**Student:** 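For reference, the structure I am asking about is given below.
Please read these numbers as outputs of a predicted model, since none were measured by experiment. FYI, the numbering just counts along the sequence from 1.
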Amino acid sequence: MIKNVDYKSIIAKESLVISANDKWSQIELSLWITESGNYQVEFWQQEKHWSYRFEVCGEHHITQHHRYRDLKIYDRHNNPLSIPAQYKNTDRFRPKTIKIDNLYPLEELTFKLNSDREPYTFQIQADSLGETTLSLASLYDHLSHCDRYTLDLKKSGSEFIRILQVGYFVSWEITAAQIIFTELLSANNYYLSGWNLLNPNKEIERISLSSRDSEQVIVDLCFSPGIYLIQLYQDIQPIENLGLWCGINPHNIPEEINNDETLANYCYSILDNESLADFSAALEQLDVNFDRDKIQIILDSLYRGNFYLSEWLNKDSLTEKIQRVLEKILQKE
């Protein structure tokens, strides 16, 4: 049961089955709590009764990004590390030990090691203090003869985030019409993948990176009209999320909308910086199964400043609308 303490009213009464185990279970409250205020959640189990009271301050948005904001990682000398921690010298990776803090007690974490081989996934459980230590030497068998690898972490119910990047890593600058790369390895096959937010059912577009004879690689962004999530691929593996890009003018729109009124309403609600209410109405009419991972990457790119948007497109308005798409996805899950 969920109560609004301020109005002394019950806003939800649900019957949920929570299996008994030593791991945390997650219950999304965003379906019922949509505004600031004081709330109380109550649980019953046969003759036992628990309750928890809390306050929601300000406009209520629950995002995957916020679930990692208190995460801390340290080296073996207890020195704090940036997220992701980056090392250009691969020889320094294997003897490292990483301590991860500010977790839930007994929380189970999933790790994914990405290298030249197949990704390797494994789980580690936090201790009763919400801490865990990962000895990177234990991953030696998965890293021999690899010159570049990354380590990603996933909390329950969230997306993967990168906590460690070892070996060379890509540097780039994105402009209105181009992406400029440095430090790309010439022996590898790369291409850009572009997913169009304005035409989400359309197949992903690709741009090959052909000439890499110099230290700088300049790629013309010759995508069809739209707002794109751009990722860098090496062979068939995505290796970098390059962020969100929109270099078009507001009248340069996907040609598919000429024969699709619902898609046209959706596009114009974004391109014309219309209100969130107008966008939500257009979104409800759109027959699209959005990819949660792509929407989350776009949202994280906007939060972290990893984007290029034309001046006429309002970043705050776009962020609100992407958040609304994510909320719709979560409601269906």
Side-chain angles (χ1 to χ4, degrees), residues 64-65 67-69 71-103 109-122 124 132-155 158-174 179-193 209 212 215 217 229-244 293 296-298 300-301 303-307:
Q64 302 290 331
H65 178 73
R67 294 178 184 176
Y68 292 104
R69 63 184 175 187
L71 188 72
K72 306 290 183 184
I73 63 174
Y74 303 88
D75 64 16
R76 59 182 174 178
H77 304 296
N78 216 34
N79 297 316
L81 299 174
S82 61
I83 300 179
Q86 296 179 335
Y87 297 91
K88 286 195 174 182
N89 185 349
T90 57
D91 293 336
R92 298 184 61 192
F93 177 68
R94 285 192 284 270
K96 289 287 179 180
T97 298
I98 290 181
K99 175 186 173 184
I100 304 172
D101 200 356
N102 279 12
L103 303 168
L109 305 174
T110 300
F111 293 87
K112 182 168 65 173
L113 181 68
N114 307 287
S115 67
D116 298 335
R117 305 179 181 183
E118 288 293 319
Y120 172 61
T121 303
F122 58 98
I124 293 180
T132 190
T133 300
L134 171 63
S135 172
L136 302 177
S138 64
L139 302 175
Y140 175 79
D141 290 342
H142 301 278
L143 295 174
S144 58
H145 308 297
C146 296
D147 57 5
R148 181 186 190 274
Y149 22 84
T150 59
L151 185 66
D152 299 341
L153 176 150
K154 181 179 184 294
K155 294 166 69 73
S158 302
E159 80 291 350
F160 278 102
I161 65 163
R162 185 144 298 168
I163 63 170
L164 182 69
Q165 196 160 339
V166 180
Y168 101 95
F169 40 91
V170 179
S171 299
W172 75 92
E173 177 186 356
I174 188 166
I179 294 183
I180 304 168
F181 291 101
T182 57
E183 300 187 42
L184 285 178
L185 297 181
S186 59
N188 293 322
N189 296 316
Y190 298 101
Y191 68 88
L192 297 184
S193 162
L209 279 64
R212 298 194 299 278
E215 292 183 1
V217 178
L229 167 63
I230 303 179
Q231 296 174 288
L232 177 66
Y233 276 70
Q234 176 186 323
D235 296 322
I236 61 172
Q237 294 291 335
I239 61 172
E240 288 290 348
N241 295 317
L242 305 180
L244 192 66
D293 290 338
Q296 186 63 61
I297 292 170
I298 290 175
D300 289 345
S301 297
Y303 280 130
R304 296 169 182 170
N306 186 21
F307 59 85

**Student:** Quick one: side-chain contact (heavy atoms from CB on, under 4.5 Å) partners of Thr132, sequence neighbours excluded?
**Tutor:**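 By the side-chain contact (heavy atoms from CB on, under 4.5 Å) rule, Thr132 matches Ile100, Leu103, Leu109, Ile124.
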
**Student:** Within the 4.5 Å heavy-atom criterion, are Thr97 and Lys99 side-chain neighbours or not?
**Tutor:**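 With C-beta onward as the side chain, the pair stays apart.
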
**Student:** Taking side-chain contact (heavy atoms from CB on, under 4.5 Å) as the test, write out the residues that go with Asp293, two or more places apart.
**Tutor:**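 In terms of side-chain contact (heavy atoms from CB on, under 4.5 Å), with neighbours along the sequence ignored, Asp293 is linked to Asp291.
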
**Student:** Partners of Asn79 by side chain to side chain donor-acceptor pair (under 3.5 Å), sequence neighbours excluded?
**Tutor:**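 For Asn79 the side chain to side chain donor-acceptor pair (under 3.5 Å) partners, ignoring immediate neighbours, are Asp75.
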
**Student:** Please identify each residue that fulfils ring-ring contact (aromatic ring centres under 6.0 Å, His included) with Tyr120, with sequence neighbours left out.
**Tutor:**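 With neighbours one apart ignored, the set is Phe122, His142.
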
**Student:** Applying side-chain contact (heavy atoms from CB on, under 4.5 Å), name anything that partners Asp152, two or more places apart in sequence or on another chain.
**Tutor:**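 side-chain contact (heavy atoms from CB on, under 4.5 Å) list for Asp152, sorted by chain: Lys112, Asn114, Thr150, Phe160, Arg162.
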
**Student:** Assess whether side chain to side chain contact (heavy atoms under 4.5 Å, CB included) is satisfied between Trp172 and Glu240, documenting all intermediate values.
**Tutor:** CA-CA 10 Å; Trp172 75 92; Glu240 288 290 348; 3.9 Å; yes

**Student:** Any side-chain heavy-atom pair from Leu113 and Leu139 closer than 4.5 angstrom?
**Tutor:**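 Contact flag for Leu113/Leu139 side chains = yes.
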
**Student:** Start with the C-alpha distance between Ile179 and Leu192, add both sets of side-chain angles, then the distance that settles side chain to side chain contact (heavy atoms under 4.5 Å, CB included), and finish with yes or no.
**Tutor:** CA-CA 10 Å; Ile179 294 183; Leu192 297 184; 4.2 Å; yes

**Student:** From Leu229 CG over to Ile298 CD1, what is the distance, rounded to the nearest 0.5 angstrom?
**Tutor:**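 If we round to the nearest 0.5 Å, Leu229:CG and Ile298:CD1 are 5.0 Å apart.
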
**Student:** Between OG of Ser301 and CG of Leu242, what distance do you get to the nearest 0.5 Å?
**Tutor:**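 Ser301 atom OG to Leu242 atom CG measures 9.0 Å (nearest 0.5 Å).
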
**Student:** Calculate, to the nearest 0.5 Å, the distance between atoms CD and OH belonging to Gln231 and Tyr233 respectively.
**Tutor:**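 Those atoms lie 5.0 Å apart.
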
**Student:** Is there a side chain to side chain contact (heavy atoms under 4.5 Å, CB included) between Leu134 and Leu151 once you walk through the steps?
**Tutor:** CA-CA 11 Å; Leu134 171 63; Leu151 185 66; 3.5 Å; yes

**Student:** So how far is it from Ile163 CD1 to Leu153 CG, rounded to the nearest 0.5 Å?
**Tutor:**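 The CG atom of Leu153 is 5.0 Å from CD1 of Ile163, to the nearest 0.5 Å.
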
**Student:** Counting C-beta onward and ignoring hydrogens, is there a side-chain heavy-atom pair between Leu71 and Asn102 closer than 4.5 Å?
**Tutor:**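 Answer no - side chains too far apart.
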
**Student:** Working to the nearest 0.5 Å, report the span between CD1 of Ile83 and CD of Gln165.
**Tutor:**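 One gets 13.0 Å once the value is rounded to the nearest 0.5 Å.
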
**Student:** Excluding sequence neighbours, so at least two apart, what forms salt bridge (charged side-chain N to carboxylate O under 4.0 Å, His left out) with Asp101?
**Tutor:**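 Counting only residues at least two positions away or on another chain, Asp101 forms no salt bridge (charged side-chain N to carboxylate O under 4.0 Å, His left out).
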
**Student:** Test Phe181 against Leu232 for side chain to side chain contact (heavy atoms under 4.5 Å, CB included), laying out the working first.
**Tutor:** CA-CA 11 Å; Phe181 291 101; Leu232 177 66; 4.1 Å; yes

**Student:** Could you report the tightest heavy-atom contact between Asn241 and Asn306, atom names first, then the distance?
**Tutor:**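 Taking every non-hydrogen atom into account, O-ND2, 3.5 Å.
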
